[in-house]
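As a basis for the values below, the full set of heavy atoms in this structure was taken, side chains included, without hydrogen atoms, waters or symmetry mates. Whatever order the structure lists them in is the order used to number ligands and atoms, beginning at 1.
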Amino acid sequence: MTSRKPIRKAVFPVAGMGTRFLPATKAIPKEMLPIIDRPLIQYAVDEAREAGIDQLIFVTGRGKTAIVEHFDHAFELEATMTGRDKSLDVLEPTRIQPGNLVTVRQQVPLGLGHAIWCARAIVGDEPFAIFLPDELMIGQPGCMKQMVEAYNEVGGNLISVLEVPEDEVSSYGVIDPGKRGFGPGAALTEVRGLVEKPSREAAPSNLIISGRYILQPEVMRVLEHQGKGAGGEIQLTDAMAQMIGSQPFHAVTFAGKRYDCGNKVGFVEATLAIALEREDMRDEVRAMARRLLAD
Ligand code: G1P
């Protein structure tokens with residue numbers, strides 16, 4: 001294994017308005033919607049920390065303050081709980097070392113590529129991770145940890161991919177795969193091309209980008225000049241496509257489960273699936289689901 005610059009920083013684009021979940025998301029950021037007792041953003045942050053990433057960069061916008069509050073020290077709450085002899089362990093995942101959470105604002109909704117570019121000064125000159133919190137990835141180890149292991153082998157740029165039915169490719173970024181099935185866990189695929197939201201006919205495969213990235217800082221320079229792409233937005237996929245050939249570019253097939261919490265059915269699926277896995281509730285939830293399905 002050669003030594004690579006470690007991945008210490010992660011960017012979380014969380015400026016989106018969450019219109020698909022209105023009215024729930026009128027006053028609450030969609031990233032704060034809970035899957036059982038943890039907001040979506042918490043799952044993404046947990047996954048980052050498990051992968052050894054401790055510097056969190058949130059690209060936020062108006063009305064998103066609750067996300068930052070969630071990871072802040074809540075003095076009154078903690079004092080009250082301590083006064084009542086309640087354990088503070090439950091708050092542990094929300095504790096971030098002072099200085100390790102930075103926010104930048106995306107002032108206009110110009111697309112994912114633009115959101116990432118807004119973090120360029122904080123990212124600086126080192127490789128970094130990106131998490132799209134809508135994509136809930138559950139695995140042991142987590143998706144980013146699997147990607148960091150692959151990164152330690154091949155370096156360069158990595159994206160997580162998974163297969164979807166052909167009629168779904170037009171909702172995602174799609175890869176043109178080269179050599180497949182090598183590296184740690186035989187999970188690596190060479191990326192020869194990338195297309196954002198292609199038609200079913202134009203899609204080079206059914207392998208889609210599933211919301212986790214490890215990118216070299218040069219992508220920021222490419223984004224600087226990136227024109228509008230699919231949906232009239234500045235697309236991260238288009239900027240990444242331009243880096244293929246000049247830097248290693250690989251896809252990692254994640255060994256684990258993925259839930260698309262950007263849509264309502266995916267959100268319900270995630271809630272049920274995680275409840276059925278959790279030791280503290282699975283028996284009761286299973287019995288409840290059986291009862292409901294029997295009607
Ligand atoms: C974004 C990316 C796309 C990726 C998807 C994963 O699309 O642009 O390449 O496949 O996330 O969820 P969005 O969901 O923002 O339209």
- Query: Using a distance-only test with no angle check, is there a side-chain donor-acceptor pair under 3.5 angstrom linking Q242 and D238?
  - Reply: no

Numbering as shown, the atoms of ligand 1 that approach [X] to under 4.0 Å (heavy-atom distance):
X: Q235; result: 8 (O)
X: G173; result: 3 (C), 4 (C), 9 (O), 10 (O)
X: L132; result: 1 (C), 11 (O)

- Message: I want to confirm something. Looking only at heavy atoms, which of K197, E135, R212 is nearest to atom 12 (O) of ligand 1?
- Response: E135

- Message: In this structure, does ligand 1 have an atom that sits under 4.0 Å from one of the heavy atoms of T237?
- Response: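 Distance cut 4.0 Å: T237 passes for ligand 1.
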
- Message: Is it the case that over 12 heavy atoms from other parts of the model lie below 6.0 angstrom from the CE atom of M17?
- Response: no

- With sequence neighbours left out, what residues match F58 under ring-ring contact (aromatic ring centres under 6.0 Å, His included)? F12, F71

- Task: Quick one: list whatever passes ring-ring contact (aromatic ring centres under 6.0 Å, His included) with H114, sequence neighbours left out.
- Result: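 Once residues adjacent in sequence are excluded, the partners of H114 under the ring-ring contact (aromatic ring centres under 6.0 Å, His included) criterion are W117.
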
- Note on the structure: among protein heavy atoms, the one nearest atom 10 (O) of ligand 1 is I209 O, 2.6 Å

- Note the single closest protein heavy atom to atom 2 (C) of ligand 1, along with its residue, its atom name and the distance in Å. E196 OE2, 3.6 Å

- Message: How long is the straight-line distance from CG of N100 back to CZ of R8, given to the nearest 0.5 Å?
- Response: 9.5 Å

- Message: So I274 and L136, do their side chains get closer than 4.5 Å, heavy atoms only?
- Response: yes

- Ion pair check, E277 and K257, cut-off under 4.0 Å: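 Salt bridge between E277 and K257, a charged N being under 4.0 Å from a carboxylate O: no.
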
- Message: Yes or no, since that's all I need: does a protein heavy atom fall within a distance strictly under 4.0 Å of atom 15 (O) of ligand 1?
- Response: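 No, there is none.
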
- Is there a nitrogen or oxygen of Y213 sitting under 3.5 Å from a nitrogen or oxygen of ligand 1? no

